[in-house]
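Working notes for the structure below.
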Amino acid sequence: MPHASPTKSLRAHWRIGHRSLFAGLALVLFALMYLSLALGYRLYSPEEIWTALTAFDGSEADVVIHDLRLPRALMAPMVGAALGIAGVIVQTLSRNRIASPDTLGLNAGAAFAVVVASGLFGVVSLPGLSLASALGALVTSFVVFGLAAAAGGISPLRIVLVGVTFAGLFDSFVNVVLTVNETMLDQLLFWLAGSFADRKLDLAFNGLPFVVAGAALAVSLARPLDILQTDDSTARGLGVPLGVVRGLAFVAVALLSGAAVAMAGPVMFVGLVVPHAARALVGLGHRLQIAAAAMVGALYTTLADIVARFVIYPREAPVGAVTAIVGGLLLLVLLRRRAA
Amino acid sequence: MDKAITVAALTVAYGAATALSAIDLEIPKGKVTVLAGPNGCGKSTLLRAIRRLHQPKSGEVRLGDLPISGLKEKELARHIGLLAQNPSAPDDMTVEELVRLGRYPHQSMLQPWSTADGEAIQAAMFGTGVSHLSDRRLGSLSGGQLQRVWIAMVLAQETDIICLDEPVNHLDMAHQIDCLDLVRRLNQEHGRTVVLVLHDLNLAARYADRLVFLKGGSVVAEGAPVELMSEQLIEDVFGISCRVITDPVHERPLCIPIRNSSPRFRAEQATQL
């Protein structure tokens, strides 16, 4: 961007360029990913981590680092980035700063789709479950936006009301299915709370293409999304085909939150919190906002995943519980400031 | 008279209700045309149909000789700018961020931002007198400032034709005049064709080169304000008995409303007495 946009973002306030900002964020992220390998019930030294990753010999340390910690050190940033970007898009589409994949019911829809696919149709393959998850998020986004728009024009208030209603509905469907099928309950309970623990490395690799595709689509929509922050008439007056852009944006959100739910279960409130931090850092332009949300989201979930190992040490809390506490508090602050 | 836009036998309906019926109208190039009429007469619908925000049931709108139905979205947005009624943007968006949005129809995936874009937004902010506000957030502006910023956004679009839908609705008297003076200056200094929807008949008479009266979805009269504003016509269109005098300052017709003369209103009054 040749013209540095003079916004009062923190980045501008601190007088640092975009490159320094993103380099700094990346550095912190790598540090956190390293800590994610090192910290936990047992602490490991850099040497132990290095041998586990390069010369795996089946020792206890190697197994813990390679099979237990590595998947979550890779998956946590992916899920955080995906939910952060999805949050940015959903908040812009609904013109509501308390919208997120959670409050619009997309995560619950994805979770329901996974439960139905595995419980009723016996889908067990990872690609199958990821696809079910993305489809669940996509269908939910169309239904929620469709119902919210039914009264003419998408009202920011209506969409959250409809979304919260659907989130509640899907949650109770999931509960019904799990109550009927108790063996599933055992397998899915920890997943449903949102967690990066006990995931196989395959799951991370399987989610990656969904996250990459969703992020690429989001970035390609950055300029029309800038325009969609205005009202419909203004956006159309500027030449944005609303239907096309919204449809593609739904697909991006579905890929991102679908992949996130398939990997970690519904990790609460990440999509709500992260866009606020991203906007504070780089302002309202979507190209930078999306990039910043990806970085901040990755940092946030990786950190939350580490914190989750210690809050009830020696046992481990689901990461969704940690993010829900932080997100819930922020939501209260936002409502009080009437930023929504 | 050169025409910028031709409206031919245009009919627009909302579901079963007809909002505009078989409208024929020419918008002259380089002039200020004001669409006026009572509530629900279809003036905003006509403006929005000119900008293709409503699909016509029949008839068409032509830009020069081209039917607008054949133009691509961005192409149309490079010819006609629109300031919508009650436009909205996030409170924490800065003035410059909003004005930059006006460049969207000139940009593409391959060329997201050019020098021409930078010059256009600087010129638009300068022309509307908001350059000094460029870093301010929209939520911190007064109503008058905010409306100037929105006009700057439409100007940055660099279109020959600018449509404004009730741009002075929520402004006090000083800012109404300020805003409309600005619009007329853009017309006179830059030769842009302006189509305005205005509620206030006297403001319409003061700023219009050409005045179009609508009633019940049809054009009932059009012409220069001096020729058009007769007491009889105003009574027919607005249902109000009035005196029309000549504004001693601007030498434009000035309507002094006396009383509501519509038959229904008179009947209601009679029953109350």
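In this text, all values refer to a predicted model and were calculated from it rather than measured experimentally. Per chain, numbering begins at 1; letters A, B, ... match sequence-line order.
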Self-check item: Verdict with reasoning, B:Arg51 to B:Asp165, per salt bridge (Lys or Arg N to Asp or Glu O under 4.0 Å)
Solution: CA-CA 11 Å; B:Arg51 179 49 191 80; B:Asp165 194 353; over 6 Å; no
Self-check item: Between B:Thr159 and B:Arg78, a side-chain donor and acceptor under 3.5 Å
Solution: no
Quiz item: With no hydrogens and no angle check, do the side chains of B:His175 and B:Asp172 hold a donor and an acceptor under 3.5 Å apart?
Solution: yes
Quiz item: Is any residue of residues 216-225 of chain A within less than 4.5 Å of chain B by heavy atoms, and which ones?
Solution: A:Ser220, A:Arg223, A:Pro224
Quiz item: Just by modelled atom types, is the B:Leu138 backbone N or O under 3.5 Å from a matching donor or acceptor in the B:Asp91 side chain?
Solution: no
Quiz item: Would you say A:Thr234's side chain and A:Thr230's backbone share a donor-acceptor pair under 3.5 angstrom?
Solution: no
Practice problem: Scan A:Val274, A:Leu83, A:Leu272 and name whichever one has a side-chain contact (heavy atoms from CB on, under 4.5 Å) with A:Ser100. | Solution: A:Leu272
Quiz prompt | Contacting moiety of B:Leu101, where chain A heavy atoms sit under 4.5 Å | solution = both
Quiz item: Under 3.5 Å, is there a donor-acceptor pair between the A:Thr92 and A:His286 side chains?
Solution: yes
Self-check item: Heavy-atom pairs under 4.5 Å with chain A, option from B:Pro90, B:Gly102, B:Cys163 with the top count
Solution: B:Pro90
Quiz item: Does one side chain, of A:Gln91 or A:Arg279, offer a donor that lies under 3.5 Å from an acceptor on the other?
Solution: yes
Quiz item: Is chain A contacted by the side chain of B:Gln107, its backbone, both, or neither, given a heavy-atom distance below 4.5 Å?
Solution: both
Practice problem: Identify which part of B:Ile80 has an atom lying under 4.5 Å from any heavy atom of chain A, answering side chain, backbone, both or neither. | Solution: backbone
